[in-house]
Amino acid sequence: MKMRAAVLEGFGEPLAVQEVELAEPRAGEVLVRLHACGVCHTDLYTASGADPSGYAPTVLGHEGAGVVEAVGPDVGSLAVGDRVVTLFSPQCRECVHCLDPRTNLCMAIREEQNKGHLPDGTTRISRDGEEIRSFMGCSTFAEYTVMPEIALAKVSPEAPFEHACLFACGLSTGLGAAINTAAVRSGSTCVVFGAGMVGLGAVAGCRLQGAERIVCVDLSPQRLELARGQGATDLLEGGEGTVERILELTDGFGADYTFEATGNVAVMRQAVEAARMGWGLCTVAGVAGKGETLDVVPRLLITGRRIAGSSFGGVKGRDQVPVLVDRYLAGEIDLDPFVSHRIGLDEVNRGFELMEAQDGIRSVIEFA
Ligand SMILES: NC(=O)c1ccc[n+]([C@@H]2O[C@H](COP(=O)([O-])OP(=O)(O)OC[C@H]3O[C@@H](n4cnc5c(N)ncnc54)[C@H](O)[C@@H]3O)[C@@H](O)[C@H]2O)c1
Ligand SMILES: [Zn+2]
Ligand SMILES: [Zn+2]
């Protein structure tokens, strides 16, 4: 079938919205008609050429929500009409990692996904016979996508698409960092560095876990106000001296839990140093630049601080994204402030510009 999609033709170039060909779903695959898709830093990172593992041509986008339009052979868990959220982090429910509660890093299709292929090593998108690779296994800057069933979470039919798509990436990452990775205890003191989609999700996750005090650190006063709306009790403008200020706020000890959601290694170090001795846990969700390292004084670890990394918030997508969506539908999370701009697919490059200007949290593409 023909569809419109935003193609990255070459690094550093604007995306070119055009008609491409999409093949039918094969065994274990599903055709999804997209209704909404968030525009994320990771898309821009690849478009810019900064990502050393990036490739072109490809259809970007990975924060999709839509409806199952058709299923290929051997698809058991999804049917036509189901509402779904795309998962760049799949869940096969069979591999050694899926069977272990300690991780969400499914091994089933990693290699082919990283190469821009579907699990069978081919692509479904093409143009005049030339293959166009898929991005993060999703390619959701398009009217339709074909994805493996294991990379789609079936969510409530009540969930509005423009909010459901937020669960595909940063929001679940932040929520999960607090709920799964750190498993914040009620009554705790938490510090969240960064008030983008991930950090704001972490603030909301700490609140849902019953944290008593939630300090949010960011450089932007507007973003700090959004953090207050998600449950932050203290707002700090970041920079040098942040660790000292957190120690002052916590009787000199530091926080029970800290979260890093900026991707800046200097901030990661602050997040480790702001965790308290004895049991302070620093959860790193931000993605650092290639080759960058985290500088930590080992004594901080000997004295009981721990550091954990968190990919997609430790969320096992098919099992847990629907639960998070239900909590949102039950009124536990307010997502309205996160959708700052609604744009059409043709305006996808404007979505990048808005992001670079730090104008709002998410631009969401709505498909007619
Ligand atoms: N682990 C995962 O699975 C996963 C998933 C999605 C995103 N990420 C990563 O999480 C990070 C955050 O993503 P996002 O979409 O929220 O990004 P974002 O750019 O919207 O937010 C980052 C925030 O950090 C703030 N910041 C920058 N420097 C700071 C400093 N010195 N002190 C305090 N705050 C500072 C910025 O003002 C901004 O509000 C990125 O590194 C992203 O790549 C990780
Ligand atoms: Zn994303
Ligand atoms: Zn798996």
Side-chain angles (χ1 to χ4, degrees), residues 37-46 50-51 60-64 86-100 103-110 119 135-136 138 140 148 150-151 165-177 181 191-203 215-224 226-227 235-243 259-271 274 283-289 292 308-319 338 340 354-356 358-362:
C37 179
V39 179
C40 175
H41 297 278
T42 312
D43 302 305
L44 180 59
Y45 182 59
T46 296
D51 179 359
L60 296 178
H62 61 283
E63 301 191 354
T86 61
L87 301 171
F88 66 84
S89 181
Q91 184 192 357
C92 77
R93 295 183 171 143
E94 288 169 4
C95 74
V96 62
H97 282 178
C98 280
L99 293 173
D100 195 303
T103 181
N104 63 334
L105 298 175
C106 176
M107 309 289 281
I109 60 175
R110 276 181 104 73
F135 173 69
M136 291 173 81
C138 296
T140 48
I150 63 168
C165 72
L166 303 175
F167 288 90
C169 183
L171 176 61
S172 295
T173 299
L175 287 168
T181 311
V191 181
V192 177
F193 292 82
M197 187 79 256
V198 176
L200 293 168
V203 169
V215 183
C216 188
V217 187
D218 200 286
L219 305 176
S220 148
Q222 293 92 327
R223 291 197 160 196
L224 287 175
L226 290 176
L235 309 176
L236 274 188
E237 208 165 301
E240 280 180 36
T242 302
V243 174
F259 297 87
E260 191 286 326
T262 73
N264 177 325
V265 291
V267 177
M268 291 179 193
R269 178 176 180 160
Q270 291 182 332
T283 301
V284 175
V287 178
E292 290 185 313
S310 184
S311 173
F312 195 50
V315 170
K316 290 183 186 277
R318 289 161 81 198
D319 292 345
F338 296 155
S340 332
L354 289 165
M355 197 162 57
E356 282 183 300
Q358 237 194 47
D359 182 335
I361 297 297
R362 268 294 178 278

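For reference, positions follow the sequence shown, starting with 1. Just follow the structure's listing: the first ligand is 1, and inside any ligand the first atom is 1.
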Which protein non-hydrogen atom lies closest to atom 18 (P) of ligand 1, naming both residue and atom, and how far is it?
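Among all protein heavy atoms, the one nearest atom 18 (P) of ligand 1 is H41 NE2, 3.4 Å.
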For [X], the ligand 1 atoms whose distance to one of its heavy atoms is below 4.0 Å:
| X | value |
| --- | --- |
| A285 | 1 (N), 2 (C), 4 (C), 8 (N), 9 (C), 10 (O), 44 (C) |
| G263 | 41 (O) |
| C169 | 6 (C) |
| R223 | 18 (P), 20 (O), 21 (O), 38 (C), 39 (O) |
| M197 | 16 (O) |
| A261 | 11 (C), 12 (C), 22 (C) |

Going by heavy atoms in the side chains, are [X] and [Y] under 4.5 Å from each other?
| X | Y | value |
| --- | --- | --- |
| I150 | R318 | yes |
| C37 | C165 | no |
| H62 | D43 | yes |
| S89 | N104 | yes |
| V315 | F167 | no |
| L105 | S311 | yes |
| C216 | L224 | yes |

Within the structure, does [X] bring an N/O atom to less than 3.5 angstrom of an N/O atom in ligand 1?
| X | answer |
| --- | --- |
| F88 | no |
| S220 | no |
| V198 | yes |
| R362 | no |
| T42 | no |

Shortest non-hydrogen contact between [X] and [Y], atoms and distance:
| X | Y | answer |
| --- | --- | --- |
| G263 | E260 | N-OE2, 2.8 Å |
| E63 | T140 | N-OG1, 3.4 Å |
| T181 | G314 | OG1-N, 4.1 Å |

Take the Zn ion (ligand 2) and tell me which protein N, O or S atoms are nearer than 2.8 Å.
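As for protein N, O or S atoms lying under 2.8 Å from the Zn ion (ligand 2), they are C40 SG, H62 NE2, E63 OE2, C169 SG.
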Ligand 1-proximal atoms of [X], by part, heavy-atom distance under 4.0 Å:
| X | value |
| --- | --- |
| V267 | side chain |
| S89 | neither |
| Q270 | neither |
| V287 | both |

With a 4.0 Å cut-off on heavy atoms, does F193 reach ligand 1?
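Judged by the 4.0 Å heavy-atom criterion, F193 does not count as contacting ligand 1.
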With a 4.0 Å cut-off on heavy atoms, does N264 reach ligand 1?
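Contact check N264 vs ligand 1: negative.
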Out of curiosity, L60 CG to M136 CE, how far, rounded to the nearest 0.5 Å?
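With rounding to 0.5 Å, CG (L60) is 10.0 Å from CE (M136).
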Hey, is the main chain of [Y] close enough, under 3.5 Å, to the side chain of [X] for a donor-acceptor pair?
| X | Y | result |
| --- | --- | --- |
| D218 | R223 | no |
| K316 | T103 | yes |
| T262 | G194 | no |
| T173 | C169 | yes |
| Q222 | D359 | no |
| T283 | F259 | no |

The Zn ion (ligand 3): protein N, O or S atoms that are less than 2.8 Å away, sorted by chain
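Less than 2.8 Å away from the Zn ion (ligand 3) sit C92 SG, C95 SG, C98 SG, C106 SG.
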Heavy-atom nearest neighbour of atom 21 (O) of ligand 1 within options G360, A271, G196, G286:
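Result: the heavy atom closest to atom 21 (O) of ligand 1 is in G196.
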